[in-house]
Amino acid sequence: MIIRDIQVGEISLPLARPFKTALRTVEHVDDIVVRVVADTGEVGYGEAPPTAVITGDTKGSVACAIREFIRPNLIGMDVEDLDGIMKRLHGCILKNTSAKAAVDMAVYDLWAKRWGAPLYKLLGGARTSFRTDITISVNPIDEMVADALDAVSRGYDILKIKVGKDGTGDVERIAAIREAVGPNVQLRVDANQGWTPKQSVAIISAMEDRNLNIELVEQPVKAHDIAGMQFVTSRVYTPILADESVFSPADAIDIIQKGAADLINIKLMKTGGIHQALKICDVAELYGVECMIGCMLESKLSVSAAAHLCCGRSVITKADLDGPSLCSVDPFTGGPVFEEALVTMSEAPGVGLSAIPCEHWS
């Protein structure tokens with residue numbers, strides 16, 4: 001199975017409601033999509049969201065990286081030479097992790113189709129389904145409470161609460177949501193780098209003092225502030241999850257060895273795809289650290305690839321793969337089944353998607 005072409009397109013899907021964090025507000029999923037075409041006629045699909053505030057990638061940079069650097073390096077390679085493909089993919093251009101991720105997942109899609117198996121089984125086959133949380137955007141407290149109650153009514157028992165804009169005022173947001181949803185719903189708090197180290201300790205300690213029972217706090221301080229992460233982790237009881245601080249396996253090793261976080265959040269758009277994400281899984285497993293699998297604002301296409309990784313590796317014990325649930329439409333055919341909080345794998349070869357809502361490829 002030889003790679004004959006790599007083509008780029010775009011998709012645009014409306015969100016059910018605006019997605020708001022400490023970093024940005026978004027109303028549509030406007031992403032680059034990729035298809036890798038083999039000489040057999042088989043096609044593998046991938047996707048890259050332009051998340052400039054986190055990865056530095058824009059739609060223009062993603063398309064350029066794929067067309068001008070990645071495509072000419074991979075054309076003519078055998079899909080069975082997965083290791084060789086990944087060496088070229090990651091060696092042909094620095095950074096540009098979203099572009100690499102889109103092509104990586106498309107190649108893995110083809111690779112699993114070559115062997116006639118669903119991707120998750122080839123990645124380890126740890127499970128066939130999992131439960132994901134859903135994000136509650138940062139808004140006025142009454143609106144966040146309403147959104148939380150709506151999510152619970154739809155069957156979600158894990159909520160990820162976006163904070164990071166109001167310092168100690170964020171405690172009141174979490175307290176109001178906890179009171180509304182009761183004690184049996186897990187709450188995760190994501191500050192998206194919005195607090196200073198001292199603020200983080202004060203806010204998390206206040207949540208602990210009020211017995212708000214927070215499962216974890218994600219990326220409380222700036223991504224580059226590893227000393228600040230370590231400061232927070234060593235001074236609170238609530239587990240700290242490193243997100244924007246971890247792009248690579250080397251980042252994961254550094255965070256773990258310095259005790260700067262208790263958990264690692266893997267996102268394919270940070271790692272550059274499944275190949276590097278698997279290395280982070282191996283690192284975490286060696287150190288006895290659990291991982292979460294997360295996503296940016298992505299459609300079912302790339303979230304499906306992440307779902308396969310989640311079901312492949314047992315070290316991934318938590319999922320934040322709510323991208324498809326945040327979209328108001330699902331124009332895709334095939335792939336894992338997303339039924340609100342429950343995600344179940346299909347037995348179709350590869351990632352399993354068979355129709356992509358893109359009319360123009362180039």
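Just so we're clear, the structure is a prediction, and the values are computed from it rather than from any experiment.
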L353 side chain reached by L301 side chain, heavy atoms, under 4.5 Å:
yes
For the student: nearest non-hydrogen atoms of L263 and P239, plus distance
CD1-CB, 4.1 Å
CA sep, side-chain torsions, deciding dist, call: V246, N265, side-chain contact (heavy atoms from CB on, under 4.5 Å)
CA-CA 7 Å; V246 178; N265 193 359; over 6 Å; no
side-chain contact (heavy atoms from CB on, under 4.5 Å), that's the test. Do W361 and D5 meet it? Break it down for me.
CA-CA 11 Å; W361 298 91; D5 199 7; over 6 Å; no
What residues form a side-chain contact (heavy atoms from CB on, under 4.5 Å) with A106, not counting sequence neighbours?
V36
Check: Q219 side chain, Q193 main-chain N or O, donor-acceptor pair, under 3.5 Å
no
With the side chain counted from C-beta on, respond yes when R235 and V232 share a heavy-atom pair under 4.5 Å apart, and no when they do not.
no
Member of D30, D31, V33, I32 meeting the side chain to side chain contact (heavy atoms under 4.5 Å, CB included) criterion with E10:
I32
Nearest non-hydrogen partners of S299 and V29, listed with the distance:
N-CG1, 4.2 Å
Could you pull out every donor-acceptor pair under 3.5 Å between side chains of residues 274-282 and any protein atom, sequence neighbours left out?
from	atom 1	to	atom 2	distance (Å)
H275	ND1	Y108	OH	3.4
Q276	OE1	K279	NZ	3.0
D282	OD1	R313	NH1	3.3
D282	OD1	R313	NH2	2.8

Backbone of P14 reached by a side-chain donor or acceptor of S328 within 3.5 Å:
yes
With a 3.5 Å distance limit and no angle check, can you tell me whether E208 reaches the backbone of T238 through a side-chain donor-acceptor pair?
yes
Do you reckon V189 sits in the same ILVMFWY cluster as V171, going by side-chain contacts under 4.5 Å, direct or chained?
yes
Name each donor-acceptor pair under 3.5 Å that joins a side chain in residues 143-153 to protein atoms two or more places apart or in another chain, with its distance.
from	atom 1	to	atom 2	distance (Å)
D150	OD2	R154	NH1	3.2
S153	OG	D150	O	2.6

Nearest heavy-atom contact between A261 and M229 is CB-CE, 4.3 Å
Only distances under 3.5 Å count here; give the side-chain donor-acceptor pairs of residues 84-92 to other protein atoms, sequence neighbours excluded, each with its distance to 0.1 Å.
from	atom 1	to	atom 2	distance (Å)
K87	NZ	D83	OD2	3.4
R88	NH1	N73	O	2.8

Might you point out which heavy atoms bring T97 and F247 nearest each other, and give the distance in Å?
OG1-CE2, 4.2 Å
Is it true that R188 and E218 make a salt bridge, defined as a side-chain N closer than 4.0 Å to a carboxylate O?
no
Are F231 and L241 co-members of a hydrophobic cluster defined by side-chain heavy atoms under 4.5 Å apart?
no
Can I get a per-line list of side-chain donor-acceptor pairs under 3.5 Å for residues 134-141, giving both atom names and the distance, sequence neighbours left out?
from	atom 1	to	atom 2	distance (Å)
T135	OG1	D322	OD2	2.7
S137	OG	K20	N	2.9
N139	OD1	K20	NZ	3.0

NZ/NE/NH1/NH2 to OD/OE distance under 4.0 Å, K270 and D243
yes
With I3, the side chain to side chain contact (heavy atoms under 4.5 Å, CB included) member among V79, D39, V37
V79
Which donor-acceptor pairs under 3.5 Å do the side chains of residues 115-122 make with protein atoms, sequence neighbours left out?
from	atom 1	to	atom 2	distance (Å)
Y120	OH	E347	OE2	2.7
K121	NZ	E347	OE1	2.8

